[in-house]
Amino acid sequence: MLRTHTRGELTAANEGERVTLCGFVWKSRDLGGLLFIDLRDRYGFTQVVFDPVVDSVLTKDAAALHGEDVVEVTGVVRLRPGDMRREDIKTGEIEVRADCLRVLSRAARLPFLVAEEETAKEPLRLKYRYLDLRRPPMQWNLEIRHVTINAIRQYLNSRGFLEIETPILMKSTPEGARDYLVPSRVHKGNFYALPQSPQMYKQLLMVAGLDRYYQIARCFRDEDPRVDRQPEFTQLDLEMSFAEEDDVFEVTEGAFAGVFRETLGYELPLPFPRMTYHEAMNRYGRDKPDVRFGFELTDVTEVCGESESAVFKKTVEEGGRVFAVVAPGGLSRKEADELEKLAKDEGAAGLAFFKVEDGGKLAGALAKFFTPALSERLLTVTGAERGDTILAAAGPFPATAEVMGSVRLALAEMTGVQKASGWHFLWVTDFPLFEEDPETGGPVPSHHPFTSPKPEDIEYLETDPLRVMSRAYDIVLNGVELGSGSVRIFEPELQRRVLRAVGVTDEEIEERFGFFLEALSYGVPPHAGIAPGIDRLVWLICGVIGIRDVIAFPKTTEATSPLDGSPSPVSPTQLRELGLSLDIDE
RNA sequence: GGGGUCGUAGUUCAAUUCGGCUAGAGCACCGGCCUGUCACGCCGGAAGUUGCGGGUUCGAGCCCCGUCGACCCCGCCA
């Protein structure tokens, strides 16, 4: 090694030692005589002093250094003069008096300043990611990521799990998200898909008797990226044989506890609380509720149904529901307009406002349809008080609850509610097996088609699929869905029935899932698993704006990489080898 | 695919309500001064096809149209 020590390592205890340091020039302060240079590496900073009285040529050379030059400095560690010590820096007590300087590599003029608090804008940061990653906060994020994954591995290894890799090139099964496809050269016209998750493989590992599997698995979904979503991302994929919900919960909680212990030194309270999907929707209008603050929804269907309002009466007669949320202290005109627009954009017919006046009297466009007794009941149910405004929307469930869930979040945002600090994990359980496809009206899996129905609901698979409940569960942290899992189907016939229920024909079942169904016919340990997203977990732990900040080389929201210019065209030769020709509109 | 915001010096940002004289400042860069700084300080300098293309106008960084890119949101994300 060129260096004897790293930055951040030297303290007063090293006084008098002759050391060699290597690193980047962070900042320099040229006082005309004395010259100070802060050297940076992954581990920290160290101040180096050049003194012209000791060596004027050396000091002159050092004065010509620029930020991000890579240098090797040799010198003697010494204590700083008494009043020059710094307590706020780890190495603030010492400095290295340089007697030798070697420039290993000069930095050209930088596209942006690395040693600057304010960051460059994201296009530049992504194009020059290797410079962006020199910034200590970014290195910190990646270190947290490493510690997180390491903690997960340590815990699962200790619990008898095997880490097993599964293929990146696999069969395309067009359920769920859009697949990334890879053309086959050997079998022209055929394609591999990149895994959206290793779902079937991990179940096959259970069939194989591997019993406890996990993988830090890269997954690919060809959908538009978001601040919390990347086309390729990393999941902790795990699966357990002879396991049920509680077993998966216990292992997941243990792994997360290890992560928070190692990264933040925080002891998570276990077990995590649980809430059913129905409770989450009714109280928060979300299947991933942020329970750090109130503004909970209330169900005012009954009260509103008894009012003379045609809108409410009709909704209730048609089996719809009415949900309310209270804005404490009322709303400004602007805020009310904003919330109404939000509700309409989210698909509500409208948003009703009831201002609570003196004596519990209601004001607002629909207030006249409420008798004093009914008004009284509305106040009791919602808990609203004088000066508050009650907001309500009517319509089908769960869509209306979701609208009011959005209103709740917006309301919390605009009133600047203090979200309680801390880490509020939550298991959400008892999901419906299917959701209604808004386009076809038919059922689609709400988790994935390998999720086991609740045994008591299996009889309704064909007759009333939307009432079938599943053994799926989500892990939620501070309102962010970290991952989903389920107890799986392990009987081939039940698997066929679920696939048929979501409209897969028998031929398609054989073609796409035949190998899998056959596997289920050779003796299968009942199994269950989960797949929490690593990027999102690290994102929340780091407290950064977006998921891109915890990924070394992320894609843009247009799914490109400014760094290497991908995706990019390929040569006609490459296409010919694959038997492909392009047919691009415009 | 749709909506929104943004694009000005290497970089981060300015540039009067409805368009008006030579497009400014911090950091970085170059030159000079400075021996205890740590956001060092002081003096001076260089640095611009205002993303690109078109239009309106006596005159456009600013208004209009198109286009490219980035970010945020909707759709999408089993």
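Naming convention: chains lettered A, B, ... in sequence-line order (proteins, then strands); numbering from 1 in each chain.
- Atom P of nucleotide B:G75 and atom CG of A:Asp437 are separated by 14 Å, given to the nearest angstrom.
- Taking the side chain to side chain donor-acceptor pair (under 3.5 Å) definition, one finds that A:Trp26 meets it with nothing, sequence neighbours left out.
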Which parts of nucleotides 33-40 of chain B does protein reach within less than 4.0 Å, heavy atoms only, written one letter per nucleotide 5' to 3' as B for base, S for sugar-phosphate only and - for none? -BBBBBSB
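- Remark: A:Arg106 engages A:Asp69 in a salt bridge (Lys or Arg N to Asp or Glu O under 4.0 Å) (not counting sequence neighbours).
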Donor-acceptor pairs under 3.5 angstrom involving side-chain atoms of residues 404-412 of chain A: please list them, not counting sequence neighbours.
residue, atom, partner, partner atom, Å
A:Ser406, OG, A:Arg286, NH2, 2.8
A:Ser406, OG, A:Glu346, OE1, 2.7
A:Ser406, OG, A:Glu402, O, 3.2
A:Arg408, NE, A:Gly294, O, 2.9
A:Arg408, NE, A:Phe295, O, 3.4
A:Arg408, NH2, A:Asp290, O, 2.9
A:Arg408, NH2, A:Phe293, O, 2.8
A:Arg408, NH2, A:Gly294, O, 3.0

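- Distance, A:Arg536 CZ to B:C77 C1': 9 Å, rounded to whole Å.
- When the salt bridge (Lys or Arg N to Asp or Glu O under 4.0 Å) test is applied to A:Arg85, no partner is found at least two apart in sequence or on another chain.
- Salt-bridge annotation for A:Glu87 and A:Arg80: absent, with no side-chain N of the basic residue lying under 4.0 Å from a carboxylate O of the acidic one.
- Here ring pair (Phe, Tyr, Trp, His ring centres under 6.0 Å) pairs that include residues 470-505 of chain A, with residues two or more places apart or in two chains, are A:Phe249-A:Tyr473.
- A:Asp51 contributes atom CG, which lies 4.5 Å from atom CZ of A:Arg97 (distance to the nearest 0.5 angstrom).
- Under the Watson-Crick or G-U wobble criterion, with both distances below 3.5 Å, B:C29 is paired with B:G45.
- Among residues two or more places apart in sequence or in another chain, the side chain to side chain donor-acceptor pair (under 3.5 Å) test is passed with A:Glu95 by A:Gln47, A:Arg78.
- Across all strands shown, B:U5 forms a Watson-Crick or G-U wobble pair with B:A70, both key distances being under 3.5 Å.
- Within the nucleic acid shown, A:Ser197 comes within 4.0 Å of at least one base atom, counting heavy atoms only.
- Residue-level contact check: A:Glu346 touches neither bases nor backbone, having no heavy atom under 4.0 Å from any strand.
- OP1 or OP2 of B:A70 lies within a sub-4.0 Å distance of a side-chain N or O belonging to A:Thr556.
- In this structure, A:His66 reaches the B:C30 phosphate: one of its side-chain N or O atoms is under 4.0 Å from OP1 or OP2.
- Between A:Leu126 and A:Val444, the residue anchored closer to the 5' end of RNA chain B is A:Leu126, taking for each the nucleotide with the nearest heavy atom.
- Listed nucleotides: B:U12, B:C72, B:A70. Nearest to the side chain of A:Thr557: B:C72.
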Return the polar atom pairs (N/O with N/O) between nucleotides 7-10 of chain B and the protein under 3.5 Å, or none.
residue, atom, partner, partner atom, Å
B:G10, O4', A:Arg109, NH1, 3.3
B:G10, O2', A:Leu110, O, 3.2
B:G10, O2', A:Pro111, O, 2.9
B:G10, N9, A:Arg109, NH1, 3.4

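- If you check residues 222-231 of chain A against RNA chain B, the residues with a heavy atom closer than 4.0 Å are A:Glu223, A:Asp224, A:Arg226, A:Val227, A:Arg229, listed by number.
- Nucleotides B:C62 and B:U56 are separated by 14 Å at their C1' atoms, to the nearest Å.
- With sequence neighbours left out, A:Asp337 forms a side chain to side chain donor-acceptor pair (under 3.5 Å) with A:Arg333.
- Taking atom P on both B:U5 and B:U49, the two are 27 Å apart, rounded to the nearest angstrom.
- With sequence neighbours excluded, no residue satisfies side chain to side chain donor-acceptor pair (under 3.5 Å) with A:Lys60.
- In this structure, the salt bridge (Lys or Arg N to Asp or Glu O under 4.0 Å) partners of A:Arg29, at least two apart in sequence or on a different chain, are A:Asp38.
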